[in-house]
Amino acid sequence: MPIQILMPALSPTMEEGKLAKWLVKEGQKIRAGDIIAEIETDKATMEVEAVDEGVVGQLLIAAGTEKVRVNTPIAVLLVEGETAGAPMPPPVPVSRPVPQPAQPSMPTAAPPLRPAAAVYSAPTPLPGPALAALQVGAPSPGTARVLASPLARRLARTASLDLGAIRGSGPRGRVVQRDIEAARRSGSASASAPHRPAAGALPAAQPSMALAAQSPSTALVPAMADDKILALYDKTSYEIKPHDGMRRIIAQRLTQSKQTVPHFYMSVDCRLDNLLSARERINAAAPKAGPRAYKLSVNDFVIKALALGLQQVPAANATWTEAGMLRHRHSDVGVAVAVEGGLFTPVIRHAELKTLGEISNEMKDLAERARKRRLAPHEYQGGTTSISNLGMFGIKQFDAVINPPHATILAVGAGEKRPLVVGDQLQVATLMTTTLSCDHRVVDGAIGAELLNAFRALIEDPVRMLV
């Protein structure tokens, strides 16, 4: 019987997407792991790989079609011996909300915003049955070669996962994209032996919005109705530009953050003279070409300093959930990258363990692909803190909004020459103002101050980042 190829869910909370491009034609023979289409979400363009082999019998959805629901049949695959006239399988049932009877008219609070896989989001665990179907285990004894699709191999390299430790769910045990995503969430296929938490300890995995959603939240204040806003302006004085998916998600997530996360802020001035001198010397001695080439920016030092600061102040490297406080073992630092229509926060994983050169090259790659909307979900979801740097725009100081489920975000201003009193002497120094936004449920004032002072000490004595 022909096999239906369904619109895939490219992130845990994806509901619909655009079928941007078909990379196969009707009548073309494909194998498991072949890239067959490109799907656009509100954040990125992702490749879709085949999980079975056969002949493309029919393309049901035209390239360029928008708002295609997840699990909608998009193509038909004919297996060996079948023809285009073979009986079709029954349509895949797609769960839809059951209409509720009308309730008596009474004032109600706006419902809490639903967690969305967007610029500010964290991975959500799959339901039990789906997670069981993607179980990760040890490789079968005697296996000489791991069967894996090209996309799965690339994702495994990016996430530093051991393919040999991942149980494939594709044909003949082939490791496919969904297996890599499951392994990344579970953390059981990392290149190095995973740390096992003590009995009763809280899990140290990336925080999930499923846990965060358990926290009681204040009902969001409804905004002014569109008709009332439009009535304030003459119809000839404006034009309406519809919101795209990214802008809607940013609006939802930042509104949720400001209405449910108790923010407080603290600032310090960091002297950059030693850092700028060290940066100049390091860049002068760095390889200019080849795989080890790099060129450090001030932002690379900021990422490294914040990562090390979180290791020195582990109480700040945490996430609030009703189940308990998630204390993270590594510093996974998200960095805001402006793109047309919004921004991404690609994450530098285990930043405290990486050299400045590694951070620099990884950040350049992530930023470039973010601007092209070519990031995979695991590259911008999760993280334990964030950095928003507006120094390159000449902004001296600002307060950033926390990206849930993070407990902190560091706002970085421009480095500029200012008068500085040292002892009884007046000097000219290059200073950079940084402001730490904290979630008061997780980070108290003393902990936030300790983290910010640890960060400043590393910035002002950058040699400490090299050991």
Note to self: Under a 3.5 Å threshold, yes or no: a donor from one side chain and an acceptor from the other, between His330 and Thr384?
What the structure shows: no
Checklist line | Nearest heavy atoms of Lys18 and Gly64, plus distance in Å | finding: CE-O, 3.7 Å
Next item on the list: Show your reasoning for whether side-chain hydrogen bond (donor to acceptor under 3.5 Å, both in side chains) applies to Thr385 and His406.
Entry: CA-CA 5 Å; Thr385 190; His406 300 172; 5.5 Å; no
Note to self: Before you tell me yes or no, could you show the steps for Glu15 and Arg69 under side chain to side chain contact (heavy atoms under 4.5 Å, CB included), namely the whole-Å CA-CA distance, both residues' side-chain angles and the distance that decides it to 0.1 Å?
What the structure shows: CA-CA 6 Å; Glu15 296 181 352; Arg69 300 285 297 181; 4.1 Å; yes
Next item on the list: Please assess Glu38 against Val48 for the test side chain to side chain contact (heavy atoms under 4.5 Å, CB included), listing each intermediate value before the final yes or no.
Entry: CA-CA 6 Å; Glu38 291 183 356; Val48 177; over 6 Å; no
Check: So how far is it from Asp300 CG to Thr355 OG1, rounded to the nearest 0.5 Å?
Finding: 10.0 Å
Item checked: Distance, nearest 0.5 Å, that separates CD1 of Ile249 from NE2 of His243 -> 12.5 Å
Checklist line | Chi angles and distances behind the side chain to side chain contact (heavy atoms under 4.5 Å, CB included) call for Ile459, Met465 | finding: CA-CA 9 Å; Ile459 288 292; Met465 301 188 211; 4.1 Å; yes
Check: Heavy-atom count around Lys364 NZ within 6.0 Å, excluding the residue itself: above 12?
Finding: yes
Check: When rounded to the nearest 0.5 angstrom, what distance separates OG1 in Thr65 from CE in Met7?
Finding: 9.5 Å
Item checked: Smallest separation among heavy atoms of Lys288 and Asn283, with atom names -> NZ-O, 3.2 Å
Note to self: Could you check whether any side-chain N or O of Arg327 sits under 3.5 Å from a backbone N or O of Asn317, counting only pairs where one atom can act as donor and the other as acceptor?
What the structure shows: no
Notebook entry, point to check: What class does the angle between the rings of Tyr233 and Tyr238 fall in, given that below 30° is parallel, 30 to 60° is tilted and above 60° is perpendicular?
Noted result: perpendicular
Notebook entry, point to check: What's the verdict on salt bridge (charged side-chain N to carboxylate O under 4.0 Å, His left out) for Glu368 and Lys372, showing C-alpha distance, side-chain angles and the deciding distance?
Noted result: CA-CA 7 Å; Glu368 181 179 351; Lys372 297 177 181 178; 3.5 Å; yes
Note to self: Treating Thr345 as the side-chain partner and Ala336 as the backbone partner, does any N or O pair qualify as donor plus acceptor under 3.5 Å?
What the structure shows: no
Check: Considering only heavy atoms from C-beta outward, does the side chain of Phe344 approach that of Met246 to under 4.5 Å?
Finding: yes
Check: Glu362 and salt bridge (charged side-chain N to carboxylate O under 4.0 Å, His left out): which partner among Arg369, Lys304, Lys354?
Finding: Lys354
Check: Is there side-chain contact between Leu19 and Ile39, with heavy atoms separated by less than 4.5 Å?
Finding: yes
Check: Nearest heavy-atom pair of Ile30 and Ala50: which atoms, and what distance?
Finding: CD1-CB, 3.8 Å
Notebook entry, point to check: Can you list the steps and then say if Leu60 with Val76 is a side chain to side chain contact (heavy atoms under 4.5 Å, CB included)?
Noted result: CA-CA 7 Å; Leu60 302 177; Val76 175; 4.0 Å; yes
Next item on the list: Calculate, to the nearest 0.5 Å, the distance between atoms OG and CD1 belonging to Ser360 and Ile303 respectively.
Entry: 8.5 Å
Item checked: Close side-chain approach of Leu410 and Leu306, heavy atoms under 4.5 Å -> yes
Note to self: Testing the 3.5 Å rule here: is there a donor-acceptor pair between the side chains of Asn403 and Ser386?
What the structure shows: yes
Next item on the list: Indicate yes or no: at least one non-hydrogen side-chain atom of Ile282 is less than 4.5 angstrom from one of Leu296.
Entry: yes
Check: Do Pro8 and Gln177 have side chains that get closer than 4.5 Å, going by heavy atoms?
Finding: no
Checklist line | Trace of the side-chain hydrogen bond (donor to acceptor under 3.5 Å, both in side chains) decision for Ser331 with His350 | finding: CA-CA 5 Å; Ser331 302; His350 298 188; over 6 Å; no
Checklist line | Heavy-atom closest contact (Gly413 atom, Asn389 atom, distance) | finding: O-OD1, 4.5 Å
Item checked: Heavy-atom donor-acceptor pair, Asp179 side chain to Val176 backbone, under 3.5 Å -> yes
Notebook entry, point to check: Between Gln28 (side chain) and Lys25 (backbone), is there a donor-acceptor pair under 3.5 Å?
Noted result: yes
Check: Side chain of Glu47, backbone of Ala37: donor and acceptor closer than 3.5 Å?
Finding: no
Margin query: Given 3.5 Å as the limit, does a donor-acceptor pair link the side chain of Thr255 with the main chain of Ala251, or not?
Written below: yes
Next item on the list: Any chance you could measure Gln311, atom CD, to Arg329, atom CZ, to the nearest 0.5 Å?
Entry: 11.5 Å
Item checked: Atom of Pro377, atom of Met46 and distance for their closest heavy-atom approach -> CD-CE, 3.4 Å
Check: What's the spacing between Ile240 CD1 and Asp226 CG if we round to 0.5 Å?
Finding: 8.0 Å
Margin query: Which heavy atom of Pro346 sits nearest to which heavy atom of Met363, and what is that distance?
Written below: CG-CE, 4.0 Å
Next item on the list: Look only at the side chain of Trp320 and the backbone of Val261, and say whether a donor-acceptor pair between them is shorter than 3.5 Å.
Entry: no
Checklist line | Non-hydrogen side-chain atoms of Ile5 and Ile36 separated by less than 4.5 Å | finding: yes
Notebook entry, point to check: Is the closest side-chain heavy-atom distance between Arg371 and Val337 below 4.5 Å?
Noted result: yes
Check: Is the closest side-chain heavy-atom distance between Leu310 and Leu451 below 4.5 Å?
Finding: yes
